[in-house]
Amino acid sequence: MLSFLSVKAGYVGEDVESILYKLLMAAEFDVAAAQQGIVYIDEVDKITKKAESLNISRDVSGEGVQQALLKMLEGTVVSISEKGTRKNPRGEHIQIDTKDILFICGGAFVDLEKTIAERRQDSSIGFGAPVRTNMRSSGLTNAAITSSLLELAESSDLVAYGLIPEFVGRFPVLVSISALSEDQLVKVLMEPRNALGRQYRKLFSMDNVKLHFTEGAMRQIAKKALAKNTGARGLRSILENLLTEAMFEIPEATSGHNRIDAVVVDEEVVSSPKSEGKVAKILRGVGALEQYLLEQEGKDSSLVIDVPQEGEAESELTARAAVM
């Protein structure tokens with residue numbers, strides 16, 4: 001049995017031993033299982049030491065958190081309180097050996113690629129030498145270039161970023177994750193069980209309104225997310241801008257010829273300049289969607305047809321749509 005725990009590192013007013021207590025809780029207080037568990041510490045880049053601090057009374061740089069994690073990462077017997085509170089000499093403690101626990105640390109490491117680029121930059125002196133731009137003074141970099149540079153990350157780059165050498169040395173494997181491509185972003189929009197497209201379709205179906213996306217529209221949405229360098233998290237804000245007006249109009253048009261039958265997001269709507277203020281197309285009246293599909297038959301714009309989801313995905317989408 002393996003226990004997995006995801007922890008967000010940072011200043012939360014707790015000792016680092018609380019990580020092991022949460023792992024023990026995930027293992028249902030089975031010490032043997034917890035000692036063979038996996039701990040993922042997220043946002044470890046937030047505890048880096050950015051600069052030398054003149055304040056000797058209190059460490060606010062994050063180095064203290066790294067120092068506290070060293071013994072736990074190396075492998076030692078840690079005593080934690082049974083109730084998860086701060087250490088009390090009179091309280092009962094549980095001994096956990098961390099030598100067989102797999103620790104994984106991750107983070108965004110913003111601008112680390114610029115540190116790598118500076119390390120790999122050769123001197124350019126003399127006539128005809130290539131002139132290299134300073135990445136640190138430039139704006140947004142291409143996601144593909146960033147991914148290719150992060151693949152070349154070394155321990156020295158992490159030390160220059162602000163992690164102490166002792167902390168970096170306890171992680172023998174460095175792995176970078178490539179940025180999502182346009183095709184992958186399109187899949188994120190529609191294919192997962194809790195995909196954004198399915199969430200919005202479920203939300204619109206609560207008012208008996210159909211929601212359709214064209215293939216070209218999904219491509220344009222993915223391209224916008226890539227241009228903003230926001231990745232998959234930027235897809236929701238793009239969809240919100242396109243569908244907000246329709247979501248406000250639907251409750252007011254529920255009967256008669258003014259009733260909204262469907263909302264269509266096509267390539268024309270997504271690629272239009274922001275100054276035009278275009279939003280998703282609202283189709284009113286009974287059979288408006290079928291009429292729209294007949295008009296689009298002769299055009300090269302393939303519609304993605306709704307596929308009803310059954311089983312456990314239905315309840316999850318309903319819950320997410322209710323939250324939205």
Side-chain angles (χ1 to χ4, degrees), residues 2-12 16-20 22-23 26 34-52 59 61-76 78 97-122 132-136 138 140-181 184-185 188 226 229-234:
L2 286 179
S3 301
F4 182 80
L5 172 67
S6 178
V7 177
K8 180 179 178 181
Y11 287 102
V12 293
V16 293
E17 287 81 6
S18 63
I19 296 175
L20 296 180
K22 293 175 182 177
L23 177 64
Q35 290 180 158
Q36 296 181 350
I38 302 173
V39 176
Y40 176 72
I41 305 176
D42 196 9
E43 297 186 4
V44 74
D45 55 319
K46 305 302 186 296
I47 60 172
T48 56
K49 186 176 181 180
K50 296 297 183 182
E52 293 292 337
D59 172 42
S61 64
E63 183 180 359
V65 180
Q66 299 180 51
Q67 296 282 359
L69 287 169
L70 291 181
K71 289 291 290 182
M72 188 185 302
L73 297 173
E74 182 69 21
T76 185
V78 180
D97 192 352
T98 63
K99 66 182 179 67
D100 293 326
I101 297 177
L102 175 62
F103 288 92
I104 305 173
C105 291
F109 289 94
V110 179
D111 290 342
L112 177 62
E113 69 277 2
K114 298 179 181 180
T115 303
I116 300 172
E118 290 176 358
R119 172 177 58 82
R120 299 184 65 252
Q121 216 172 43
D122 300 327
R132 299 177 177 87
T133 59
N134 188 0
M135 289 185 65
R136 212 168 277 283
S138 60
L140 293 174
T141 56
N142 186 279
I145 297 176
T146 300
S147 297
S148 62
L149 286 173
L150 290 178
E151 291 177 358
L152 305 174
E154 297 179 356
S155 300
S156 58
D157 300 320
L158 297 178
V159 173
Y161 193 81
L163 295 175
I164 61 176
E166 300 90 337
F167 186 82
V168 177
R170 281 162 171 78
F171 293 94
V173 180
L174 298 179
V175 178
S176 64
I177 300 176
S178 301
L180 294 175
S181 64
Q184 290 170 331
L185 286 175
V188 169
L226 288 175
N229 228 8
T230 53
R233 289 188 176 94

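- For E74, the side-chain hydrogen bond (donor to acceptor under 3.5 Å, both in side chains) criterion is met by R170, not counting sequence neighbours.
- Under a 3.5 Å cut-off, the side chain of E118 and the backbone N or O of T115 do not form any donor-acceptor pair.
- Looking at S147, its side chain does come within 3.5 Å of a backbone N or O of A179 through a donor-acceptor pair.
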- [ ] Any chance you could lay out the side chain to side chain contact (heavy atoms under 4.5 Å, CB included) test for L150 and L112, step after step, and finish with the verdict?
- [x] CA-CA 7 Å; L150 290 178; L112 177 62; 4.0 Å; yes
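- T98 places a side-chain N or O within donor-acceptor distance of the main-chain N or O of T76, the cut-off being under 3.5 Å.
- Taken to the nearest 0.5 Å, the CD atom of E17 stands 12.5 Å off from the NZ atom of K22.
- For V168, the side-chain contact (heavy atoms from CB on, under 4.5 Å) partners are S155, L158, V159, L163, not counting sequence neighbours.
- Summarising the geometry of A117 relative to L149, their closest heavy-atom pair is CB-CD1, 4.2 Å, with the distance given to 0.1 Å.
- For the atom pair OG1 (T146) and CG (N229), the distance works out to 6.0 Å, reported to the nearest 0.5 Å.
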Open item on the list: For L20 and M72: C-alpha separation, side-chain torsions, deciding distance, then whether side chain to side chain contact (heavy atoms under 4.5 Å, CB included) applies.
Closed with: CA-CA 9 Å; L20 296 180; M72 188 185 302; 4.0 Å; yes
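- Residues forming a side-chain contact (heavy atoms from CB on, under 4.5 Å) with A108 (at least two apart in sequence, or on another chain): D45, V110.
- Heavy-atom minimum distance, V16 versus V65: CG1-O, 4.5 Å.
- To the nearest 0.5 angstrom, F171 atom CZ is 8.0 Å from F103 atom CZ.
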TODO: Report the C-alpha separation of E113 and S148 in whole Å, then their side-chain angles, then the decisive distance to 0.1 Å, and conclude whether the side chain to side chain contact (heavy atoms under 4.5 Å, CB included) test is met.
DONE: CA-CA 9 Å; E113 69 277 2; S148 62; over 6 Å; no
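- In this structure, the side chain of Q35 engages the main chain of D97 through a donor-acceptor pair within 3.5 Å.
- Not counting sequence neighbours, the partners of L226 by the side-chain contact (heavy atoms from CB on, under 4.5 Å) test are E182, L185.
- Nearest heavy atoms, A232 versus V188: CB-CG1, 4.2 Å.
- In this structure, NZ in K114 is found 12.5 Å from CD1 in I116, a value given to the nearest 0.5 Å.
- When the ring pair (Phe, Tyr, Trp, His ring centres under 6.0 Å) test is applied to F109, the partners found at least two apart in sequence or on another chain are Y161.
- Between the SG atom in C105 and the CG atom in L73 there is a gap of 6.0 Å [rounded to 0.5 Å].
- Note that CD of E151 and CD1 of I177 are 11.5 Å apart. Values are rounded to the nearest 0.5 Å.
- Not counting sequence neighbours, the partners of I164 by the side-chain contact (heavy atoms from CB on, under 4.5 Å) test are E63, Q66, Q67, L70, E166, F167.
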Open item on the list: For a side chain to side chain contact (heavy atoms under 4.5 Å, CB included) check, start with the C-alpha distance between V39 and I104, then their side-chain angles and the critical distance, and finish with the verdict.
Closed with: CA-CA 6 Å; V39 176; I104 305 173; over 6 Å; no
